[in-house]
Amino acid sequence: EIVCFISKQHYTSLFTESSSEYICGLSLNHLSQRLDPNHFVRLHRNSIVRTDAITAILSKNRMAVTLRNGLTLPVSRNHRKRVRGLFPNV
């Protein structure tokens with residue numbers, strides 16, 4: 001099952017729950033238009049994650065999320081409000 005998409009340089013990688021990585025031929029902008037916003041959220045200009053794959057929100061100096069597959073990804077200032085809105089009790 002897909003956990004997240006991460007853009008690196010000129011390609012996008014798809015990560016699964018087992019931490020397998022696959023190259024995806026679509027840009028994050030294209031994916032963000034096609035993915036269901038009820039199930040996926042943009043964290044940063046280089047990442048989109050499945051909302052139910054988020055296991056923890058870390059928020060000391062900078063906000064980040066931990067995913068079910070063990071990855072920890074930063075949340076940009078532009079996307080913090082949306083992420084916090086998904087988890088209002090955190």
Side-chain angles (χ1 to χ4, degrees):
E1 200 164 275
I2 296 171
V3 171
C4 66
F5 298 91
I6 299 175
S7 178
K8 299 176 187 175
Q9 306 261 318
H10 298 290
Y11 64 92
T12 301
S13 294
L14 175 158
F15 289 85
T16 65
E17 287 186 8
S18 65
S19 297
S20 296
E21 179 179 359
Y22 302 93
I23 302 300
C24 174
L26 302 173
S27 70
L28 286 183
N29 285 333
H30 186 77
L31 286 167
S32 67
Q33 294 172 3
R34 297 188 60 154
L35 295 169
D36 184 344
N38 294 314
H39 299 288
F40 288 88
V41 64
R42 188 92 181 233
L43 296 182
H44 201 276
R45 66 181 176 185
N46 69 349
S47 60
I48 298 174
V49 302
R50 201 175 82 233
T51 55
D52 65 356
I54 297 172
T55 59
I57 295 179
L58 313 169
S59 185
K60 289 200 177 192
N61 295 332
R62 297 176 189 230
M63 188 178 207
V65 297
T66 301
L67 304 178
R68 193 178 304 154
N69 66 354
L71 287 174
T72 298
L73 300 172
V75 179
S76 74
R77 282 180 278 159
N78 294 336
H79 298 286
R80 286 180 188 165
K81 185 175 181 180
R82 168 106 167 91
V83 172
R84 281 192 182 117
L86 295 171
F87 304 94
N89 296 327
V90 177

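One is the number of the first residue; the rest follow in order along the sequence. The basis for the numbers below is simple: all heavy atoms, side chains too, and nothing from hydrogens, waters or symmetry mates.
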**Request:** Measure across Arg80 and Arg62 and return the closest heavy-atom pair with its distance rounded to 0.1 Å.
**Result:** NH2-CA, 4.1 Å
**Item:** Separation between OG1 of Thr12 and NE2 of His30, rounded to the nearest 0.5 Å
**Value:** 10.5 Å
**Message:** For a side chain to side chain contact (heavy atoms under 4.5 Å, CB included) check, start with the C-alpha distance between Leu31 and Phe40, then their side-chain angles and the critical distance, and finish with the verdict.
**Reply:** CA-CA 10 Å; Leu31 286 167; Phe40 288 88; over 6 Å; no
**Prompt:** If Ile, Leu, Val, Met, Phe, Trp and Tyr residues are connected whenever their side-chain heavy atoms lie under 4.5 Å apart, and connections chain through other members, are Leu86 and Ile57 in the same group?
**Reply:** yes
**Single-linkage hydrophobic cluster Ile2~Ile54, side-chain heavy atoms < 4.5 angstrom** = no
**Item:** Nearest heavy-atom neighbours spanning Asn38 and Thr51
**Value:** O-OG1, 3.7 Å
**Message:** Taking the side chain as everything from C-beta on, heavy atoms only, tell me whether Lys8 gets closer than 4.5 Å to Ile23.
**Reply:** no
**Minimum heavy-atom distance between Leu28 and Ser7, given as atom pair plus value** = CD1-CB, 3.5 Å
**Request:** State yes or no: do Met63 and Phe87 share one hydrophobic cluster built from I, L, V, M, F, W and Y residues joined by side-chain heavy-atom distances below 4.5 Å, directly or via other members?
**Result:** yes
**Prompt:** Taking Thr66 for the side chain and Thr55 for the main chain, is one N or O donor matched with an acceptor at less than 3.5 Å?
**Reply:** no
**Item:** Thr16 to Leu14 - nearest heavy-atom pair and separation
**Value:** CG2-CD2, 3.9 Å
**Item:** Side-chain heavy atoms of Ser47 within contact of His79, under 4.5 Å
**Value:** no
**Item:** Closest heavy-atom pair and its distance - Pro74, Leu43
**Value:** O-CB, 3.7 Å
**Request:** Given side chain to side chain contact (heavy atoms under 4.5 Å, CB included), test Val41 with Val49 step by step and report yes or no.
**Result:** CA-CA 6 Å; Val41 64; Val49 302; 3.7 Å; yes
**Request:** Establish whether Ile48 and Ile6 are linked, either directly or via other cluster members, by ILVMFWY side-chain heavy-atom contacts under 4.5 Å.
**Result:** no
**Leu35 vs Phe5 side-chain heavy atoms within contact, under 4.5 Å** = yes
**Message:** Any non-hydrogen side-chain atom of Leu58 less than 4.5 Å from a side-chain atom of Thr72?
**Reply:** yes
**Prompt:** Are Tyr22 and Phe15 connected in a single hydrophobic cluster, I mean Ile/Leu/Val/Met/Phe/Trp/Tyr linked by side-chain heavy atoms less than 4.5 Å apart?
**Reply:** no
**CZ on Arg68 to OG on Ser18, rounded to 0.5 Å** = 12.0 Å
**Prompt:** What pair of heavy atoms forms the shortest contact from His44 to Ser76, and how long is it?
**Reply:** CD2-CB, 3.6 Å
**Prompt:** Does the pair Arg42 and Asn29 meet the rule for a side chain to side chain contact (heavy atoms under 4.5 Å, CB included), with working shown?
**Reply:** CA-CA 10 Å; Arg42 188 92 181 233; Asn29 285 333; 3.3 Å; yes
